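Let me begin by presenting the structure, written as structure tokens, before commenting on it.
Note on naming: letters A, B, ... go to the chains in the order of the sequence lines (proteins, then strands), and numbering restarts at 1 for each one. Everything quoted here is computed from the prediction, not taken from an experiment.
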Amino acid sequence: MSAPAHAPRSVVLCFMLSALGAAGFAASYVIGLGNEALGVSIGAAFAFLALGLARWSSLISAAEPEYVEERSIGPTPQHEYDAFKQALIEQPVPRSWVLWGSLGTAVAAIGGAALFPLRSLLPAMGTDPDAVLSRTPWKAGLRLVNEEGLPIRPADLALGGVVTAFPEGLDPREHVDTTTLLIRVDPSILQLPAGRASWVVDGVVAYSKLCTHAGCPVGLYVDTADQLLCPCHHSVFDVATGANPIEGPAPHPLPQLPLGTDGDGYLVAEGDFSAPVGPSWGNH
Amino acid sequence: MPSLLPSLLSRVLPHPRPMRKLDERLGFASAGRAALAKVFPDHWSFMLGEIALYSFVFLVLSGIYLALFFEPSTAMVVYHGRYAPMRGEEVSAAYASAVRLSWDVRGGLLVRQAHHWAAHLFIASIVLHLCRIYLTGAFRRPRELNWTIGLTMLVLAIFNAFAGYSLPDDLLSGTGLRIFNAIALSIPIVGSWLAFLAFDGEFPGQEIIQRLYIAHVLLVPALLAVLISVHLAILIRQKHTHFPGPGRRDANVVGSRAWPAYGLRSLSLLAAVFAALLLAGGLLQINPVWAWGDFDPATVTAPSVADWYILWIEGALRLFPPVEFQVFGFEIPNQFWCGVVLPGLIFGALYLWPWLDRRWNDDREPHHLTGRPRESPLRVGLASAMLAFMAVLLVAGSQELIVQWTGWTVGSVRDVLRVLVFVLPLIAGFAGRWVAESLRRSDLDHAVELGHREMVAGLRRRNRPQAQ
């Protein structure tokens, strides 16, 4: 193994350039230069360091032979292995099922007990998750408001108009399951499931905005075809027939919210959605 | 005056020198000498795992810096910073601190972007390393254990990248979390309980950012650090595999010594990884959270395309038909198949692969001399099929881009991809197997020419003799 006797000039040059890059980074930081200057200077410092080290290593490799190392891995000789096993199970550690079994029970019990505090990760619900998922805070008489919190009259929507609506007085960020889409269509095209004729006010229909596939907001409305498109997995829902899925992976229609008006002519809910909103879950 | 330095040093340094003092206490010199003489094979493909290791080092270092500024909280705050369009707006503390990191913390954007690029490089280099191990048969006995540890690290890396992507509480990451929540909900019987445990109730919950933060900065990195240590300890114990060549046997390793040749080369790789990540962090914009806007559960960005390491699941979710049926009275939600079953099958098959391969080839012998990929046409075929399958899913995950380019409808693009997802893997699988078999046959036919080529390659290596 004979490394070059003198310092290789190319390697030294690389290291000096690397130091220069680092100094450039410090200067860029102090001056307050942009992200590009910071990245290029510190990147160059590391790049020249890499170049110098690579060159140095290749100079050494060129002067060196290829080394051979024997591999000594393999099973331990039988008598040594037996001795190891003997030491492991030697007296005074008896092979008693009662002793080992009780130790195992204690360890398993401690492990099991340690899982119980995980339940504290659940919020206080007073009921099981399935019941929480099955309903939303919508109820008869609750006003619909827009993103600014203002109540909505049917006439506020032009034909083909869409508004995202929430229940009055509730934080929409906390009650995501209430997010509703109001769409005004020509009443003559509506072919809603039986019993829903009275859920529509002046051609305004209300559907849950949460896709029944993975829960994304169904954000795109194609007014020429009266279709709703989910941008996540491209499910398409037909507004006229009760938001039935006609394309893509969504298996269920968007639940519909029964609408009515209050004494002031503002839109109110007449009850909860026609089905649980959002994605199906495993204990449905 | 080169002779000045050593004499100066010997006067400055106390006598005896610190290294000797340490050795007096620890007695490491003979073990250290053996470690310096450890032999590493010289082949570029053995550097892929090292790239992953150095990306992890970079992720930890840059992540510590980011953690000093990031605030993992969904409490609403008013942003007062340099990013004018957002000034005075009420957003979550997590989002505000991510924007502040990008606009107001000097050097913050560089570290944030380099950290995100490092996550990509970390996962990509693990995947390529896995391909190398798989195609050369290095997973075979006695390395099954390290194969499973490596796979576990890949799963953890993907999870942690997803968690980190979700932390800034921007609109894009919120959509990702919504889908993650729907997949958790879909697990039969326990799904709703699991989702409520993770999210503190119904989506979005108040706690998910804090919980992901602890997982992202502590739990998963600590697990990864432990697994990396075990992975490397097993590697050192078993020593590297190497490719066949003159003087190379199962019972030895041929290559460069750890110090200085290999050590310097590896340090050079470390510096190169850092250089690439910092240059990318400075020059290539990634995840501009201020442009997405803060998370609003009632809106969504369109197009919404996830990062590639998770995008294949998105693609599968898009292609899957809208079926839902009951098993033993329990409805199996649609998203269960692509969100849980598909990744479970893929990773399950990968975990079992050493044992499946052993049964298929009826080969239980230990192997330290690996083959070229062509020596196992079956493995090449399966890998080609798998990569083609993943490629179609990635395209499906970004199909809105195809819709934009081609002008076709979403439905017709989806129909084409639904066919391709089955046909392309079959074609690629058989093609891969055929190519590997042809290459292997031509190797046998032209054994003499190959010998000549090997000789030239050997000369190019400056005729390095072998020494013990």
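No side-chain donor from either of B:Gln335 and A:His233 sits under 3.5 Å from a side-chain acceptor of the other.
No donor-acceptor pair closer than 3.5 Å links the side chain of A:Arg71 to the backbone N or O of B:Arg249.
Residue B:Pro322 comes nearest to A:Ala250 through the heavy atom pair CB-O, 3.4 Å, listed as atom of the first residue, atom of the second, then distance. For the residue pair A:Pro249 and B:Arg414, the shortest heavy atom distance occurs at CD-NH1, 3.5 Å. Counting all heavy atoms, side chain and backbone alike, B:Glu324 lies closest to A:Ser280 at OE1-OG, 3.1 Å. The two residues A:Ala50 and B:Ser268 come nearest to each other via the heavy atoms O-OG, 2.8 Å. Of all non-hydrogen atoms in B:Ile179 and A:Cys216, the two that sit nearest each other are CG1-SG, 3.9 Å. Considering every non-hydrogen atom in both A:Pro123 and B:Phe196, the closest pair reads CD-O, 4.2 Å.
Annotation: maximal heavy-atom pairing with chain B below 4.5 Å, among A:Val132, A:Leu51, A:Leu181, A:Leu210, occurs at A:Val132. Put simply, of A:Gly219, A:Cys211, A:Ala54, the one with the most heavy-atom pairs under 4.5 Å next to chain B is A:Ala54. Ranked by heavy-atom pairs under 4.5 Å with chain B, the first of A:Leu38, A:Thr164, A:Val218, A:Leu133 is A:Leu133. Options B:Ala272, B:Gly191, B:Ala298, B:Gly174 differ in how many heavy-atom pairs under 4.5 Å they form with chain A, and the most are formed by B:Ala298.
Only the backbone of A:Leu118 comes within contact range of chain B, with heavy atoms under 4.5 Å apart. In this structure, the portion of B:Asn334 lying under 4.5 Å from any heavy atom of chain A is its side chain and not its backbone. In this structure, the portion of B:Phe295 lying under 4.5 Å from any heavy atom of chain A is its backbone and not its side chain. With a 4.5 Å cut-off on non-hydrogen atoms, B:Val410 touches chain A through its side chain but not through its backbone.
Contact of the B:Glu202 side chain with the A:Val176 side chain is not registered, since no non-hydrogen atoms from C-beta on lie closer than 4.5 Å. Using a 4.5 Å cut-off on side-chain heavy atoms (C-beta onward), A:Leu53 and B:Leu269 make no contact.
Under a 4.0 Å N-O distance rule, the pair B:Arg257/A:Glu66 does not qualify as a salt bridge.
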